[in-house]
Amino acid sequence: MSLLQREKKICLGVDPFWSRLAMIATQDIALNNFFWRKIVISAENLPLNGPVILAPTHRSRWDALMLTMAAGRRVTKRDCRYMVTRSEMTGLQGWFLNRLGCFPIDQGKPSLTSLRFAVDLLISRQQLVVFPEGRINRTGEPVKLKKGLIRLAQLASNKGLEIKIVPVGLAYSEVIPKFRGSASICFSKPIIISKDCNQSTNDFNINLYKSMRSAEQSALLAIGRR
């Protein structure tokens, strides 16, 4: 099987059965039992229709579960479609992630197949999740954002779409989340990318990073951290 065929095979839709089971396991059981409280801030900034890219800070393995809780099917009536690294799409974990609508991407050199699939999802008014920091950054130290997000948004906007990019901040009561701690998520106002947008990649990433960190500060304050 060629690389192209393997990528097409792994870029599947969301399996309804496994999706419902995952929501029960992660939201009703895992999140509710692990965290004492979960706070959602500025949910009104989350678009309920049209193509959306969620751009969250990345502080923990719990981030994806918090995002799905606050912006997933139970809230927006649509799934969070995650772009994940190839290493995460292997073995049993990859089997499950595949059925939950996740798809792989090489952060260093995104393939045309992955980008086209992501653009197709946006054309069909789906909701993508892209972690611009590229990896878990527990300390919150400044990092250079990956260029893939703006490239993806520009490719989609060239199809005549108006892409809404929502900066998201996530925070936990401890640097490494602990049992019965608190978790918080904050949504900033969307950044609009259209065909007429001529902002440079560098300027876009600076503005996006500022919005992500501002949202994170709001999330931190909500749980008593700074």
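Just so it is clear, the values below take in all heavy atoms, side chains as well, and ignore hydrogens, waters and symmetry mates.
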Checking Arg81 side chain against Gly101 main chain: does a donor-acceptor pair fall under 3.5 Å? yes

Do Arg61 and Glu88 pass the salt bridge (charged side-chain N to carboxylate O under 4.0 Å, His left out) test, and can you show the C-alpha distance, the side-chain angles, and the key distance before you say yes or no? CA-CA 12 Å; Arg61 286 281 184 180; Glu88 292 180 281; 3.2 Å; yes

Applying a strict under-4.5 Å side-chain criterion to I, L, V, M, F, W and Y, I'd like to know whether Leu220 and Ile41 cluster together. no

Decide whether Leu100 and Ile53 are clustered together by the hydrophobic rule: side chain heavy atoms of Ile, Leu, Val, Met, Phe, Trp, Tyr closer than 4.5 Å, transitively. no

With Arg125, which residues qualify under salt bridge (charged side-chain N to carboxylate O under 4.0 Å, His left out), at least two apart? none

If you look only at pairs with a residue in residues 40-54, which of them pass as a side chain to side chain donor-acceptor pair (under 3.5 Å), with sequence neighbours excluded? none

What residues form a side-chain contact (heavy atoms from CB on, under 4.5 Å) with Ser194, not counting sequence neighbours? Asp196, Cys197

Group every Ile, Leu, Val, Met, Phe, Trp and Tyr by side-chain heavy-atom contacts under 4.5 Å, then state whether Val84 and Leu92 land in the same group. no

For Asp15, what residues pass the side chain to side chain donor-acceptor pair (under 3.5 Å) criterion, not counting sequence neighbours? none

Got a sec, which residues hit side-chain contact (heavy atoms from CB on, under 4.5 Å) with Ala55, two or more places apart in sequence or on another chain? Pro132, Leu149, Ile165, Leu208

Which hydrophobic side chains are connected to Ile29, either touching it within the sub-4.5 Å cutoff or through other members that do? Ile24

Atom pair CG (Leu152) and CG (Leu122), whose distance is rounded to the nearest 0.5 Å: 5.5 Å

Measure the shortest side-chain to side-chain distance between Val14 and Arg73 over non-hydrogen atoms and say whether it is less than 4.5 angstrom. no

Could you state whether Ile123 and Ile163 fall into the same hydrophobic cluster, counting links through intermediate Ile, Leu, Val, Met, Phe, Trp or Tyr residues with side-chain heavy atoms under 4.5 angstrom apart? yes

Mind checking side-chain contact (heavy atoms from CB on, under 4.5 Å) for Ser200 and listing every partner two or more places apart, or none if nothing turns up? Asn202, Asp203

Any pair counted as side chain to side chain donor-acceptor pair (under 3.5 Å), so long as it reaches residues 158-180, sequence neighbours left out: Asp63-Tyr172

Within a 6.0 Å radius of atom CH2 on Trp36, are there more than 12 heavy atoms belonging to other residues, nucleotides or ligands? no

With distance as the sole test, does Thr68 use its side chain to make a donor-acceptor pair with the main-chain N or O of Leu65 at under 3.5 Å? no

Could you tell me if Lys38 and Asn32 have a donor-acceptor pair between their side chains, going purely by distance under 3.5 Å? yes

Between the CZ atom in Phe204 and the CD1 atom in Ile193, the distance rounded to the nearest 0.5 Å is 5.0 Å

What pairs of residues pass the side chain to side chain donor-acceptor pair (under 3.5 Å) test when at least one of them lies in residues 211-225, not counting sequence neighbours? Arg59-Glu216, Tyr209-Arg213, Arg213-Glu216

Under 4.5 Å between any side-chain heavy atoms of Leu54 and Leu128, yes or no? no

Apart from Leu221 itself, which Ile, Leu, Val, Met, Phe, Trp or Tyr residues share its cluster (side-chain heavy atoms under 4.5 Å, direct or through members)? none

Test Met89 against Asn98 for side chain to side chain contact (heavy atoms under 4.5 Å, CB included), laying out the working first. CA-CA 7 Å; Met89 294 296 288; Asn98 185 18; 4.1 Å; yes

Residue pairs passing the ring pair (Phe, Tyr, Trp, His ring centres under 6.0 Å) test with at least one member in residues 58-80, sequence neighbours excluded, are Phe34-Trp62, Phe35-Trp62, His58-Phe131

Residues at least two apart in sequence or cross-chain that pass side-chain contact (heavy atoms from CB on, under 4.5 Å) with Ala219, listed by chain then number, are Ala171, Ser184, Cys186

Quick check with a 6.0 Å cut-off and a 45 degree axis cone: is Arg20 positioned over the face of Trp18's six-membered ring? no

